[in-house]
Amino acid sequence: MKAIVNGIILLPDRELTGQALIYDTKIHFITDCKAAAEMADTIIDANGCYVAPGLIDTHMHGYGGFSVTDGTPDDLRQIARGLLRYGVTAFLPTTDTRPWPVLTQTFDLIRSLMQESRHPDFPGAEILGAHAEGPFLNPARKGAMNEHHIQAFDLQKVLPCADVIRVMTIAPELPGGLDFIRSVKSRTGIHLSIGHSDADCQTACNAFLLGVSRATHLFNAMSPLNHRAPGVVGAALTSDVFVELIADNFHVDPVLFRLLAQAKGSRVCLITDTERYADMPDGEYEDDGQRYILHGHECRLDNGTIACSVLHMNEAVRNYMSGAGIPLYEAVRAASLTPAQSIGMDERKGSLTPGKDADIIIMSHDFTVMKTIVRGTVQYTHSER
């Protein structure tokens, strides 16, 4: 067995000090440091840092020059490896609007790497499935999505990929939307999310009643909250659904983080929504016929439309904690247990609960990730440069 000692252990509802975490490939239990020293074969000294569950990103399109839809195994492997640096131990590679044959190829690729990523020697975050952001979206709220590839609902296209698609973002107000929801919920295990949608509040509420359980990047690319037209935002805030938040202090003003924490509590799910431009130098880039301009933490199309983010998950935790005025363990929960719950993976992911996968991070007080452990194996160690 292994032990992590001298850390501040973050549980979903509190911090623990003076205790040690015992694990191998699974979390075993928490005990005092003296007992841990007697039973563990390997001891990691956290040196006063935080010991937290691995972070889970359920919505990210790429990283470090690599994109999910580029279509090669090495691209996904590079993304999975790069995410370790920021404490991500599991993620959903996310597609955008593309021709359906491209999406099918991407789902096939993700399927092939899901099992590989569970191997002990895989040097990266585990791939839990795919998030299909579209292509059944509303052009009126397309954001940075390529309108040329937005399509009408087609269940027959989705069914062969249902084993790998864990989340699908849709606009339920489009023709056939509510029937599509009924069919998907009765025939697959896909978790549906409303996004890139111009639905009115009642239509959104109807979608939630039919089984849509998430809202994709709340506030962004959806009908806004108005006192006489509450829109998708109003429906999501007043329904018992999970809501994604891009906490980069740019996509959503941090003043609203406190509102979300109060209104949604443990239903807030931090995401990055990164594309390949994360950790890339400022400049102009082109992808799928569109030009992206990266400047600092802002990424826009050349017409000024806000595009993807270049956020990291450990930064999202820091920003959300600061903006919402909540304890660190609550912010970490929004990046670990809540995402796991939102995709039905909380039986083995998302917290330092006995029996779950030993996905663990050690994070300094300035939110630098010092170690990332995936199913009990140290896959990343921070080195001072």
Side-chain angles (χ1 to χ4, degrees), residues 10-14 52-53 55-60 92 131 133 166-167 169-170 172 191-197 199-227 229-273 309 311 313 315-346 349-351:
L10 299 180
L11 302 181
D13 59 351
R14 65 191 186 278
L55 309 183
I56 301 172
D57 194 350
T58 59
H59 186 157
M60 64 84 59
L92 295 183
H131 180 160
E133 190 176 11
R166 190 159 287 273
V167 174
T169 295
I170 64 168
H191 298 264
L192 293 174
S193 187
I194 183 170
H196 292 276
S197 167
D200 60 25
C201 185
Q202 187 58 59
T203 301
C205 286
N206 290 342
F208 294 147
L209 288 173
L210 289 174
V212 173
S213 59
R214 304 169 100 252
T216 296
H217 43 51
L218 192 70
F219 300 110
N220 300 117
M222 61 178 55
S223 49
L225 177 66
N226 179 281
H227 60 297
V232 174
V233 173
L237 289 175
T238 55
S239 300
D240 188 28
V241 297
F242 295 97
V243 296
E244 295 182 353
L245 174 67
I246 307 173
D248 62 356
N249 298 341
F250 170 57
H251 278 75
V252 178
D253 192 292
V255 167
L256 293 175
F257 295 178
R258 188 178 297 271
L259 168 66
L260 272 186
Q262 293 174 351
K264 299 300 297 182
S266 61
R267 294 296 198 184
V268 177
C269 177
L270 298 180
I271 61 165
T272 62
D273 195 19
S309 89
L311 180 68
M313 281 297 281
E315 296 171 346
V317 170
R318 177 196 63 204
N319 293 344
Y320 185 54
M321 181 188 76
S322 176
I326 57 176
L328 177 59
Y329 62 80
E330 289 187 16
V332 167
R333 175 179 177 136
S336 53
L337 182 57
T338 301
Q341 291 171 330
S342 78
I343 60 173
M345 296 292 291
D346 52 304
K349 298 287 185 184
S351 64

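This chain uses plain numbering: 1 for the first residue, then up along the sequence. Keep in mind that what you see is a predicted model, and the values were worked out from it rather than measured.
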S.K.: Is there a side-chain contact between Lys264 and Leu259 (heavy atoms, below 4.5 Å)?
M.R.: no

S.K.: Listing request: all side chain to side chain donor-acceptor pair (under 3.5 Å) pairs with a residue in residues 246-256, at least two apart in sequence or in separate chains.
M.R.: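 Matches after skipping sequence neighbours: Asp248-His251.
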
S.K.: With rounding to the nearest 0.5 angstrom, report the CD1 to CG distance, Ile271 to Asp57.
M.R.: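 One gets 7.0 Å once the value is rounded to the nearest 0.5 Å.
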
S.K.: Please name the pair of heavy atoms, one in Ile326 and one in Ala261, separated by the smallest distance, quoted to 0.1 Å.
M.R.: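 Residues Ile326 and Ala261, closest heavy atoms: CG2-CB, 4.1 Å.
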
S.K.: Just wondering, do Val243 and Leu237 contact through their side chains at under 4.5 Å, heavy atoms?
M.R.: no

S.K.: Is there a side-chain contact between Met345 and Ile56 in this structure, where contact means two heavy atoms from C-beta onward sitting under 4.5 Å apart?
M.R.: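 A side-chain contact under 4.5 Å is absent here.
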
S.K.: Carefully, step by step, assess Leu270 and Val317 under the rule side chain to side chain contact (heavy atoms under 4.5 Å, CB included).
M.R.: CA-CA 8 Å; Leu270 298 180; Val317 170; 4.3 Å; yes

S.K.: Do the non-hydrogen side-chain atoms of Pro172 and Ile194 ever get within less than 4.5 Å of each other?
M.R.: yes

S.K.: Using a 4.5 Å cut-off on heavy atoms from C-beta on, say whether the side chain of Leu218 contacts that of Leu245.
M.R.: no

S.K.: Would the distance check show the side chain of Lys349 and the main-chain N or O of Pro339 forming a donor-acceptor pair, the cut-off being under 3.5 Å?
M.R.: no

S.K.: In Å, rounded to the nearest 0.5 Å, how long is the span from CG of Asn226 to CG of Asp200?
M.R.: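 Asn226 atom CG to Asp200 atom CG measures 12.5 Å (nearest 0.5 Å).
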
S.K.: Please check: side-chain N/O of Thr272 versus main-chain N/O of Met313, any donor-acceptor pairing under 3.5 Å?
M.R.: no

S.K.: Less than 6.0 Å separating the ring centroids of His196 and His217?
M.R.: yes

S.K.: So, taking the atom named CZ in Arg166 and the one named OG in Ser342, what distance separates them when rounded to the nearest 0.5 Å?
M.R.: 10.0 Å

S.K.: So which atom in Val233 and which in Pro224 form the shortest heavy-atom distance, rounded to 0.1 Å?
M.R.: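 The answer is CG2-CA, 4.1 Å.
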
S.K.: Which atom names give the shortest non-hydrogen contact between Asn319 and Ala247, and what distance separates them?
M.R.: ND2-O, 2.8 Å

S.K.: Looking at every non-hydrogen atom in both residues, tell me the closest pair between Ala199 and Ala204 and how far apart they are.
M.R.: CB-N, 4.3 Å

S.K.: Considering only heavy atoms from C-beta outward, does the side chain of Leu337 approach that of Asp346 to under 4.5 Å?
M.R.: yes

S.K.: Does Ser239 use its side chain to pair, donor to acceptor, with the backbone of Ala235 at less than 3.5 Å?
M.R.: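 Side chain of Ser239 to backbone of Ala235: a pair is present.
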
S.K.: Which atoms form the tightest heavy-atom contact between Tyr320 and Ala334, and what is the distance?
M.R.: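 Taking Tyr320 first and Ala334 second, the nearest heavy atoms are CE2-CB, 4.0 Å.
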
S.K.: Distance from Thr216 atom OG1 to Ile246 atom CD1, nearest 0.5 Å?
M.R.: 9.5 Å

S.K.: Does the side chain of Tyr329 come within less than 4.5 Å of Leu11's, by heavy atoms?
M.R.: no

S.K.: In Å and rounded to the nearest 0.5 Å, what is the NE2 to CZ distance from His191 to Arg214?
M.R.: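 Answer for the NE2-CZ pair, His191 versus Arg214, is 8.5 Å.
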
S.K.: Is there a side-chain contact between Thr58 and Cys269 (heavy atoms, below 4.5 Å)?
M.R.: yes

S.K.: Calculate, to the nearest 0.5 Å, the distance between atoms OG and CD1 belonging to Ser213 and Ile343 respectively.
M.R.: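 So the OG of Ser213 and the CD1 of Ile343 are separated by 10.5 Å.
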
S.K.: Determine the minimum heavy-atom distance between Leu225 and Gly234, stating which atoms define it.
M.R.: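 Result for this residue pair: CD1-CA, 3.8 Å.
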
S.K.: Evaluate Asn220 against Val252 for side chain to side chain contact (heavy atoms under 4.5 Å, CB included), listing each step before the verdict.
M.R.: CA-CA 8 Å; Asn220 300 117; Val252 178; 3.6 Å; yes

